[in-house]
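Since the structure comes first, as structure tokens, the remarks are kept for the end.
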Amino acid sequence: MAGGLRTEHVGATVRLAGWVHRRRDLGGLVFIDLRDRQGVVQVSCDPETLSEEAMERARRLGAETVIAVEGVVAARPPDAVNPEMPTGEVEVKAAEVVALAPSETPPILVAYGADEELAAEELRLRYRYLDLRRQELQRNFQLRHRVFQTIRRTLDELEFVEVETPMLTRPTPEGARDYLVPSRVNPREFYALPQSPQLYKQILMVSGFDRYFQIARCFRDEDLRADRQPEFTQLDLEMSFVKEEDVWAVLETVMATVWQQVAGRPVETPFLRMTHREALESYGTDKPDLRIPWRVHDLSDDLGGSEFRIFRSAVEEGGRVRGICVPGGSELSRKALDELDGLARGVGAAGALWTRLAEGGAQGGFGPKISAEELTAVSERLGASDGDVLVVVAGPDRVTSPALDVVRRHLGRTLDAVEPGDRFLWVTEFPLFEPDPDTGEPVPSHHPFTGFDPGDLDLLENDPLAVRSRAYDLVYNGSELGSGSIRINDPELQRQVLEVLGIGAEEAQRRFGFLLEAFRYGAPPHGGFAVGLDRMVMHLAGGSSLREVIAFPKTTAARALMEGAPSPVDDDELEDLGIKLV
RNA sequence: GGGGCUGUAGCUCAGUUGGUUAGAGUGCCGGUCUGUCACACCGGAGGCCGCGGGUUCGAGUCCCGUCAGCCCCGCCA
């Protein structure tokens, strides 16, 4: 193909087809850059080898016209070699050039020059078929294809069976908002598009498919972000007769194989593991970016008795003083350090305090307000030395954790302290429940079928928020790639968990009775995982938005600009469905 | 639901304190050109200043509203 021609092809007669990437008309000679899926090659049109009619046609070709070219691959004259292009040592001497399909002048560019700005994203989404012709996007989707193929091959070798589950399913009152689909033959009733195949895959375990996977489309009607689309693709899998380690081993094999075979990046397995508690304690987040080496430490013992009121009163009120050492942070300007305070306030903390270490003392910020002994104790605990900056936040964990997390990530970036690499991490033992922010009542932190540590059985009734679940997340460079758990397969335990959630037998029966019923007929112990594939491909492609790896994405208002969805429908159609608009 | 940024030629952008005829680059059209590669050079066409309202003698510029795109918070079991 055009983009694949190299010096080894010199002398070959070729027939190429593709798009006019660019054209350079020198009067006597015309050069056409011909683009196909593989790339771009220069076609030279010379009256010595082309008929007068073909020369005239070549002169009139506009950008993005589809053409076919016949000719001979030739080495370029030495002074005409273009080292910038993969095909730059060769060109095709055209013997015939014909237009297969004309193109109107494109509203946005496909062939961007070195420092030309991309057209507005709104326009690129409106004319997605043109934008997708760009080499960056072509590369992303070839990458996506290879990731999907590698996953299927790897799981097949591990004897997983791919099973599809319904897209028209039962609405789920919990979790994200559902996309609803009216049923014409059952007026006043609705299907929902699946938020995930969760219940189906557990039932497949009851059915004996002891290793299931699916590359499943999922739908959630929530507000969008750069890394959140209303419809997205998950690698969903479930296994019977397994413990955590068995699930992790499969995921580690899949990830390492993809990273190795698709990106050529070796990844060490097994991945690092860390409990949820430890992640929050040492990094202030349940998805730590381990590329930044700094850790959060508890300074309450050192500063809880300080004369400095902010520290003392935080500890007296049941909170803690926590901080990080930022090596080399003294080079930061006072303004840059004061900005940390705003970052901390932005996530609910009262502020963030800093001080610079120099010449055995502390300069600026909170340093002069604490005693020399306190400073020594803190410096030792943080392993700090001259030239470092200490950043400290005081208060309850629910504010110090996010504040130190945001400070850590912010300074990691600005000080260029993010080490290169692929840092995978299992975060384990998430709490089974978390308090509802409005009512304080326990709600599932994963989903209501998540198993828990048998040792915590007695806590279920008395202190449910302390129960450790068997749920785990896979974190990659500070981004959550997926989550899973070992499930409950004992109907009695399931009943107890639902009771904690305030879901009585009748309600449970109504909402997911089909799952509970299935469990009465021999449910094997089972567990699984789901990986956000769009996010995974985005990371592999080095992108920052899912729109770069989804062929036809939605805008932040969940609109499709090319085809114009959603859209109003005719009254007749609504009437058929028994729906009246208000 | 809330906060922020953006909206001027097909595209990317400039546009002063509110001032009379809204500019540049690129693309497009016409011309010259046999080794270019974002070809070069000469000429030309091209504008609902997102939309609606207001202030003013006068609005691309100020005010209010609204729409769209993007980023973030809430939300996303």
Side-chain angles (χ1 to χ4, degrees), chain A residues 21-34 40-50 55 59-60 62-64 74 76-85 87-88 91 93 104-127 130 172-178 195-196 198-199 218-230 232 343 346-348 402 406 430 432-434 436-438 442-450 469 471 480 483 485 497 501 503 511-512 530 532 544-545 547 554-559 561:
Chain A
H21 190 64
R22 256 194 282 269
R23 186 176 43 103
R24 292 174 294 281
D25 183 350
L26 273 60
L29 284 179
V30 177
F31 295 100
I32 297 164
D33 287 343
L34 174 65
V40 174
V41 73
Q42 172 167 284
V43 175
S44 78
C45 304
D46 187 325
E48 282 185 23
T49 52
L50 260 190
M55 277 305 290
R59 254 188 272 278
R60 273 205 291 267
E64 300 308 316
R76 295 199 195 181
D79 55 339
V81 165
N82 183 347
E84 307 288 307
M85 299 171 73
T87 60
E91 64 183 354
K93 295 273 190 196
E104 293 182 15
T105 301
I108 61 171
L109 288 181
V110 176
Y112 286 91
D115 39 280
E116 278 174 316
E117 293 290 321
L118 289 182
E121 187 160 17
E122 188 175 355
L123 281 166
R124 290 189 285 121
L125 290 172
R126 165 78 180 78
Y127 299 100
L130 292 179
T172 48
E174 294 165 320
R177 275 181 281 266
D178 284 320
Q195 296 181 24
S196 83
Q198 182 62 38
L199 301 184
C218 305
F219 305 85
R220 292 178 191 174
D221 186 6
E222 296 292 346
D223 287 344
L224 278 58
R225 290 283 191 286
D227 63 351
R228 262 168 31 196
Q229 282 274 313
F232 58 99
L343 282 177
V347 292
V406 70
F430 275 74
L432 187 61
F433 307 106
E434 58 195 19
D436 183 302
D438 298 326
V443 294
S445 24
H446 188 47
H447 57 61
F449 316 109
T450 306
S469 79
E480 183 193 323
S483 60
S485 64
V497 167
L501 294 169
I503 300 173
R511 279 157 63 166
F512 22 75
S544 55
S545 163
R547 296 185 297 273
K554 305 287 190 285
T555 68
T556 47
R559 304 197 70 90
L561 297 183

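The sequence lines fix the lettering, A, B, ..., with proteins before strands; numbering per chain opens at 1.
- B:C57 and B:A45 are spaced 35 Å apart, taking the C1' atom of each and rounding to whole Å.
- Only the C1' atoms considered, B:G46 is 28 Å distant from B:G18, to the nearest whole Å.
- With both ends at atom C1', the span from B:G4 to B:U21 equals 37 Å, rounded to whole Å.
- Taking atom P on both B:G15 and B:A24, the two are 15 Å apart, rounded to the nearest angstrom.
- For A:D223 against B:G74, a side-chain N or O and a base N or O form a donor-acceptor pair under 3.5 Å.
- Among the nucleotides B:G10, B:A38, B:G69, the one closest to any side-chain atom of A:D115 is B:A38.
- For the pair A:L224 CG and B:A68 P, the interatomic distance rounds to 14 Å; values are reported in whole Å.
- For B:G69, neither phosphate oxygen OP1 nor OP2 lies less than 4.0 angstrom from any side-chain nitrogen or oxygen of A:T556.
- Comparing B:U34, B:U36, B:C72 by their closest approach to the side chain of A:L29 singles out B:U34.
- The separation of B:G1 from B:A22, taken at their P atoms, amounts to 41 Å, rounded to a whole angstrom.
- Comment: A:D33 engages A:R24 in a salt bridge, judged by a side-chain N to carboxylate O separation of less than 4.0 angstrom.
- Taking 4.0 angstrom as the limit, A:R24 places a side-chain polar atom (N or O) nearer than this to OP1 or OP2 of B:C39.
- Side-chain atoms of A:L123 and A:P107, non-hydrogen and from C-beta on, never get closer than 4.5 Å to each other.
- With hydrogens and angles left out, the side chain of A:E222 and the base of B:G74 share no donor-acceptor pair within 3.5 Å.
- The phosphate of B:C71 has OP1 or OP2 within less than 4.0 Å of a side-chain N or O from A:R547.
- When rounded to the nearest whole Å, the span between OH of A:Y112 and C1' of B:C11 equals 8 Å.
- Residue-level contact check: A:Q42 touches the bases, meaning some heavy atom is under 4.0 Å from a base atom.
- Across B:C62 and B:U16, the matching P atoms stand 9 Å from one another, rounded to whole Å.
- Side-chain nitrogen and oxygen atoms of A:R225 include at least one within less than 4.0 Å of the OP1 or OP2 phosphate oxygen of B:C73.
- Closest to the A:R228 side chain, of the nucleotides B:U26, B:G35, B:C76, is B:C76.
- When the P atom is used for both B:G65 and B:G10, the distance is 30 Å, rounded to whole Å.
- Atom P of B:G19 sits at a distance of 33 Å from the matching atom of B:C42, rounded to the whole Å.
- Salt bridge present: A:R547 and A:E121 bring a charged side-chain N and a carboxylate O closer than 4.0 Å.
- Each of B:G35, B:C72, B:G10 was ranked by its minimum atom distance to the side chain of A:K93; first place goes to B:G35.
- Distances shorter than 4.0 Å separate none of the side-chain N or O atoms of A:R23 from OP1 or OP2 on B:U36.
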